[in-house]
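Below is one structure, written out as structure tokens, with a few remarks after it.
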Amino acid sequence: LALLLAGMAMVPVESAQSVDTSSVQKSDKYMEWAYTMEGKEVPVSLILEKRNPEYWANLTKEDKRAFSNIKTKIPDYHTFDKPSDKQSVSATASGSPEGSDKSAGSLSAIIYTADATGFTGAIPFGINFWASTTTNYPCPYSLVIADLMRWDGSKWVRADEATATGYYTTFTEAWKNKFFPQSGYYRTYSQHFGNFPPGAIPPTWTLAWWSNTVYYS
């Protein structure tokens, strides 16, 4: 009885959530495109334009150029086994970061890092999924898109999405609870984008990460 009441109490939470239909439509169109591009390397700018045009529109010309100059591979969504190691990227800059001791003896190469991780877990009546980016210095912009993916027997299909944007922070996390999902295998595929502090080489980053797999019934 207690479990039944708890389940009844959770139903309004899901139904009361506001759904951004335009965001859902953009994600669905992105997935249709991604299925046709599996295994290919594409400019990160193309992914941002298709996946999050609002984020792309707010970038400076310099940042747009930087994202156009780096590439990332579209994953093979038709393969069940996926790597789940944490992904990292780094950049270097000369001088001292803002707020540090700027004496002549402290001037040296600065190493900026960005790490991506995430998780998928079963909870009562649903699935919790999240992905995050952690940097060792506050970065101007950071975008995390976490897609909850379900294995339909032949490929990974998008079941839900969580997005988060960070400004001048060292931690950006996108998370969500998906209640009463369809039975099956689930894992989270996350895309991470961002801009290192001024002067960094390279000036921007992109990371992609597959989480652990869980079975929900």
Side-chain angles (χ1 to χ4, degrees), residues 23-56 59 63-91 113-120 127 129-134 141-165 172 174-176 178 181-182 184-196 201-216:
S23 177
V24 171
Q25 290 171 352
K26 289 171 190 170
S27 297
D28 290 343
K29 287 182 179 180
Y30 172 80
M31 288 305 304
E32 290 175 6
W33 172 79
Y35 287 136
T36 68
M37 301 295 289
E38 290 179 327
K40 296 180 180 179
E41 286 196 344
V42 299
V44 175
S45 56
L46 184 59
I47 292 178
L48 285 172
E49 285 183 276
K50 290 179 174 294
R51 193 65 206 271
N52 198 310
E54 292 81 6
Y55 179 85
W56 174 256
L59 293 176
D63 289 334
K64 288 181 178 180
R65 188 178 304 113
F67 278 121
S68 299
N69 290 333
I70 58 176
K71 292 186 176 182
T72 189
K73 182 179 288 187
I74 303 296
D76 180 359
Y77 293 99
H78 288 78
T79 302
F80 181 77
D81 293 326
K82 299 292 181 183
S84 57
D85 294 335
K86 183 174 74 171
Q87 299 295 308
S88 303
V89 69
S90 63
T113 61
D115 302 308
T117 189
F119 186 74
T120 310
I127 294 175
F129 66 101
W130 60 267
S132 65
T133 301
T134 303
Y141 303 101
S142 181
L143 171 67
V144 178
I145 303 174
D147 282 328
L148 179 64
M149 309 294 287
R150 180 181 61 82
W151 182 254
D152 72 351
S154 63
K155 66 181 181 298
W156 291 101
V157 296
R158 179 179 163 278
D160 209 339
E161 170 195 318
T163 303
T165 305
T172 304
W175 71 274
K176 193 174 184 181
K178 174 71 173 177
Q182 184 176 342
Y185 289 99
Y186 287 85
R187 70 188 316 169
T188 303
Y189 176 68
S190 56
Q191 295 168 297
H192 307 247
F193 310 92
N195 308 67
F196 285 114
I201 301 174
T204 59
W205 80 76
T206 183
L207 296 166
W209 199 88
W210 284 94
S211 80
N212 59 301
T213 303
V214 298
Y215 185 79
Y216 181 86

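Index from 1, following the sequence.
Of the options Y189, Y35, Y186, F80, a ring-ring contact (aromatic ring centres under 6.0 Å, His included) to W156 is made by F80 and by none of the others.
Relative ring orientation between W205 and F196 is described as tilted, the plane-to-plane angle lying within the 30° to 60° band.
Between the CD1 atom in I70 and the CD atom in E41 there is a gap of 11.5 Å [rounded to 0.5 Å]. Considering OH of Y30 and CD of Q191, their distance stands at 4.0 Å, rounded to 0.5 Å. For the atom pair CE (M37) and NZ (K50), the distance works out to 8.5 Å, reported to the nearest 0.5 Å. For the atom pair R158 CZ and M149 CE, the distance stands at 8.5 Å (nearest 0.5 Å). Of the inter-residue distances, the one linking F193 atom CZ with L48 atom CG reads 4.5 Å to the nearest 0.5 angstrom. Within the model, atoms OG1 of T213 and CH2 of W151 stand 10.5 Å from one another, a figure rounded to the nearest 0.5 Å.
Checked by atom type, the side-chain pair T79/D81 shows no donor-acceptor distance below 3.5 Å.
A donor-acceptor contact shorter than 3.5 Å is absent between the side chain of S45 and the backbone of K64. With R150 contributing its side chain and V157 its backbone, the two residues share no donor-acceptor pair below 3.5 Å. When atom types are taken as modelled, the side chain of N212 and the backbone of T120 share a donor-acceptor pair closer than 3.5 angstrom.
A 6.0 Å sphere centred on OH of Y55 holds more than 12 heavy atoms belonging to other residues, nucleotides or ligands. Environment of CH2 in W33: crowded, with over 12 heavy atoms of neighbouring residues, nucleotides or ligands closer than 6.0 Å.
Taking a cutoff of 4.0 Å between a charged side-chain nitrogen and a carboxylate oxygen, E38 and K155 do not qualify as a salt bridge.
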